Amino acid sequence: MGLQATNAGIDFQQRVSAYMMILMEFDMDISLALQVNKSNTIKEINFEDCESIDDLVITLDSGKKIYFQMKRTISLSDDSESEFFGVCEQFVNQFLKQNENDLAYILVTRTEASKAISVKLKRILEGIRLANSLSVIEKLYQEERKIFDKVSSNIKTIYKKYTHEDISEDILLKIFLRMYVELFDIENGEEYEKTIKLILWKLIDVDVELFWRTFISKAIEYGANRRCLSRENLKEQCKSYFKENQTKEELLASPFFNRSWKENNKVIPVQIDYVVAIPTKKTMEKMKIENDTIFMFELYRFDDSKKKESLKYIAPNKMIFENGLEFVVLYRCASQERCHNYIEKEIVEELGDIEGKYELIIWPIKEHFEPTDVELLHKEVLEKSLEECQDCICSNCGKAIFDNEIYIIEIDNEECSNKVGLVHKSCIRPVDRVIGEVTISGIEDYSFLKHFDIGCWAKMVMKGKRVWENLEIMAAQCMPLVIDTDEVFHDGNYCVYQILENGDKRYTTNRGVIDRLSKTNAELLQKQFTESLIAAKKEGNPFGYSSKTFMYGQYEKILEQVGDKEDFIECTEAKAELYNESVAKIYNDCETYYAPIIYLSVEGEPYILPNGVFPMITKPFDLPQYIKNWERMGVTVPDYEVCIIKDDNEFILKMISLISNGILPAANSMFAPNGKLIRGIHIHLMWELQELEGVEEDTNARD
């Protein structure tokens, strides 16, 4: 068993290292993966370095260094023989080298590690960094204080061992300010690994599984040989994974996107327009055209005066020449080959089979010229516009692009010009000048995530949706979630907490963060809590918390929910105090409580199941299993888009709108063939319950 654990630990270490290599290869900001508040990219990676913290050392472009100590599982301990004590020793030894470029000492582990480390120590360190002081420790819960004391004791013991001096509070603070805990659930098939693979699908032209495994293998090799890997060296090794001879500018237009150009286009062509168009009735009379006719124009874009004034494009489909001739544009592009392909294969979608019905007239340019200085300047403007595309978002509809066929267009009409963007195939307007096509190799495996904004999800998912995780711990098959829509304005300077029988304290929270109240409301809430605690105690059914999941309620309710899996800790007293941002940083659960979460949209409207349920899903990769369940209900799911609810206020507003219209929102829901909800979380508003209680009271009064 020991060997297996060691192998698992090595695999974990190399997967984290491989992820850092990906960040370096694609010039991604480290803030995508780490808490370090320094926007920067990785310049160099040292594997199994000779430094005190030697699992991995990354050097940023700024010259600052980040040190990684990786432990797949680890427990908090002050035993000098323990793994955690060893980690502390490495951190102190590195600090004693007094390297001014040391930015962070990071303990990398998984969520399955001891909660004392993965949750509580992580929060304590965040709170210290926010306060830039150890004074915040005085306001910690008793359990968190014990954790800090253990870590502090380790550091003090180690510091004295190597310096023969007692550590000062100033030096102790400096060490704590550099300490971080980072969590990576990155093993095979886990959510974090899936997210990395989805990002890779937008970056590379080869099989993603092969690419990911290759990077893990390279990490093993570099670690075994204690190698140093520079960004330049890695990019040279990775050339074979991308289109031959592509430059970085052609390859990447954003941190998450690979410009995989079809037709081997290396540059943006600007000189000639290729346009397929039909003359208007007025133009046919003016040109004395009697038969239905289609023109294929080859047109110089800049006239002799070097200005684009000889013709105008008006969205969505009008083209007007300087002499007043008007045409209805069917298609516009930048290459003759693409134009011919449109006429041969795609024009039937617009007009049906044109053979025998339309006369095709080709209007070619008479001769070709070398690009003028104005054309070259225009090309530079377009290339800069392409480089500035930061997200994979459609320039026309504004929604995320997550398709196998993505088009690059130049927007050049009366309303807008000198802009290059990405669009869905279905969003191309006839006057949009198609200049390239992008493919994401292997994305077919995730074709069910239509229009999914993977970049947005990857940024948000690590710091959100805590409520769903808390409910999942409860493991109930079908449970309600009640939202109080009145909890909106909370800007006061006071907060309320309850003292537990073990001496600990728990703050009242709103959507996972400490609730901020006015002094008057805080004192009122404190009084209400005190009265409730006294009354419940007299009834023999006191209020308290479960010992692990910290669910709050009366003893009987907690016992019903967790059984004998957890202890019950009684609340003994309620108090109010001034709000403190550093304390809040430690005890706030998340940045968003409900979001992010996905739902389906059909033609811009939320998708509602026939049984009146609005389904939402917390794990996008599980969408196929839910669709399969709906199909067993006899539902044929229409063509849809995957949308993200991005913040808590948006979530609450959508829930209000749905429930007010008699629709039941439900998260992660499964149904019996008859449409009955048998698993999931059904969502209600507080006023619904209050109205129901009012009806019951009226009924009882009449009885």
Side-chain angles (χ1 to χ4, degrees), residues 261-265 268-303 308-369 375 382 394-397 405-417 420-421 423-438:
W261 297 73
K262 280 191 175 180
E263 301 177 342
N264 219 19
N265 290 328
I268 299 176
V270 299
Q271 192 175 50
I272 300 170
D273 263 352
Y274 296 87
V275 183
V276 180
I278 298 174
T280 62
K281 185 176 181 180
K282 182 180 177 181
T283 298
M284 289 179 69
E285 292 172 356
K286 203 170 185 179
M287 295 181 70
K288 298 180 180 180
I289 298 172
E290 298 181 356
N291 300 323
D292 289 337
T293 305
I294 297 174
F295 283 83
M296 193 198 92
F297 293 102
E298 294 182 1
L299 304 167
Y300 274 115
R301 302 180 67 197
F302 295 86
D303 58 20
K308 294 190 294 180
E309 294 181 351
S310 58
L311 67 98
K312 296 178 181 178
Y313 292 100
I314 302 174
N317 63 350
K318 186 179 287 188
M319 178 175 72
I320 304 175
F321 282 89
E322 195 173 22
N323 58 11
L325 295 178
E326 294 187 7
F327 290 81
V328 176
V329 178
L330 299 178
Y331 187 69
R332 182 185 177 198
C333 64
S335 77
Q336 189 178 75
E337 181 182 357
R338 189 179 289 277
C339 190
H340 286 160
N341 286 340
Y342 172 80
I343 292 173
E344 292 175 5
K345 300 174 184 178
E346 298 182 45
I347 201 171
V348 292
E349 294 181 12
E350 301 281 342
L351 304 174
D353 189 358
I354 66 172
E355 191 172 346
K357 298 180 182 178
Y358 290 86
E359 180 182 355
L360 178 63
I361 296 178
I362 298 177
W363 193 310
I365 57 174
K366 294 179 181 179
E367 57 183 314
H368 289 270
F369 299 96
E375 288 166 343
L382 297 186
C394 178
S395 292
N396 282 341
C397 75
E405 287 186 295
I406 304 169
Y407 288 82
I408 305 170
I409 62 167
E410 177 187 352
I411 300 175
D412 173 39
N413 54 58
E414 285 290 279
E415 294 84 11
C416 181
S417 61
V420 173
V423 293
H424 302 102
K425 184 178 181 181
S426 59
C427 291
I428 298 174
R429 301 171 301 178
V431 296
D432 293 333
R433 187 170 183 262
V434 180
I435 59 177
E437 191 173 339
V438 174

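Bear in mind the structure is a predicted one, so any value in this text is a computation, not a measurement.
- Every residue was checked against the ring pair (Phe, Tyr, Trp, His ring centres under 6.0 Å) condition with Tyr407, not counting sequence neighbours, and none meets it.
- Taking CD1 of Ile428 as the reference point, atom CD1 of Ile408 lies at 10.5 Å (rounded to 0.5 Å).
- Tyr300 meets the ring pair (Phe, Tyr, Trp, His ring centres under 6.0 Å) test with Phe369; sequence neighbours excluded.
- For the pair Cys397 and His424, the minimum side-chain heavy-atom distance is below 4.5 Å.
- A pairwise comparison of heavy atoms in Cys427 and Asn396 identifies O-ND2, 2.8 Å as the closest pair.
- Inter-residue side-chain proximity for Cys339 and Met296 is flagged as met; some heavy-atom pair is nearer than 4.5 Å.
- Ile361 pairs by the side chain to side chain contact (heavy atoms under 4.5 Å, CB included) definition with Thr293, Phe295, Glu359, not counting sequence neighbours.
- To the nearest 0.5 angstrom, Ile268 atom CD1 is 4.5 Å from Ile435 atom CD1.
- For the atom pair OH of Tyr342 and OH of Tyr331, the computed distance is 8.5 Å after rounding to the nearest 0.5 Å.
- In this structure, the separation between CD1 on Ile272 and SG on Cys333 is 11.0 Å, given to the nearest 0.5 Å.
- Closest of all the heavy-atom pairs between Met319 and Ala277 is CE-CB, 4.3 Å.
- Take Ile294 and apply the side chain to side chain contact (heavy atoms under 4.5 Å, CB included) test, not counting sequence neighbours, and it matches Val276, Ile278, Ile347, Leu351, Ile354, Tyr358, Leu360.
- Atom-to-atom distance recorded for Leu311:CG and Leu299:CG is 6.0 Å, nearest 0.5 angstrom.
- At a threshold of 4.5 Å between non-hydrogen side-chain atoms, the residues Phe327 and Lys318 do not count as touching.
- The side-chain heavy atoms of Thr283 and Phe321, taken from C-beta on, include no pair separated by under 4.5 Å.
- By the 4.5 Å heavy-atom criterion applied to side chains, Ile406 and Glu437 are not counted as neighbours.
- For the pair Val275 and Glu298, the minimum side-chain heavy-atom distance is 4.5 Å or more.
- Shortest non-hydrogen contact noted between Val423 and Ser395 is CG1-N, 4.0 Å.
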**OP:** Report the C-alpha separation of Asp412 and Arg301 in whole Å, then their side-chain angles, then the decisive distance to 0.1 Å, and conclude whether the side chain to side chain contact (heavy atoms under 4.5 Å, CB included) test is met.
**Re:** CA-CA 11 Å; Asp412 173 39; Arg301 302 180 67 197; 2.8 Å; yes
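- Each salt bridge (charged side-chain N to carboxylate O under 4.0 Å, His left out) pair with one or both residues in residues 426-435, not counting sequence neighbours, appears once here: Asp273-Arg433, Glu410-Arg433, Arg429-Asp432.
- At a threshold of 4.5 Å between non-hydrogen side-chain atoms, the residues Glu414 and Tyr313 do not count as touching.
- Comment: Glu322 does not engage Lys312 in a salt bridge, judged by the lack of any side-chain N to carboxylate O separation of less than 4.0 angstrom.
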Below 3.5 Å, can you tabulate the donor-acceptor pairs from side chains in residues 285-292 to any protein atom, sequence neighbours excluded?
unit_1: Lys286; atom_1: NZ; unit_2: Asn323; atom_2: O; d: 3.4

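- At a threshold of 4.5 Å between non-hydrogen side-chain atoms, the residues Val431 and Ile314 do not count as touching.
- Taken from CZ in Phe297 to CZ in Arg332, the straight-line distance is 13.0 Å, to the nearest 0.5 Å.
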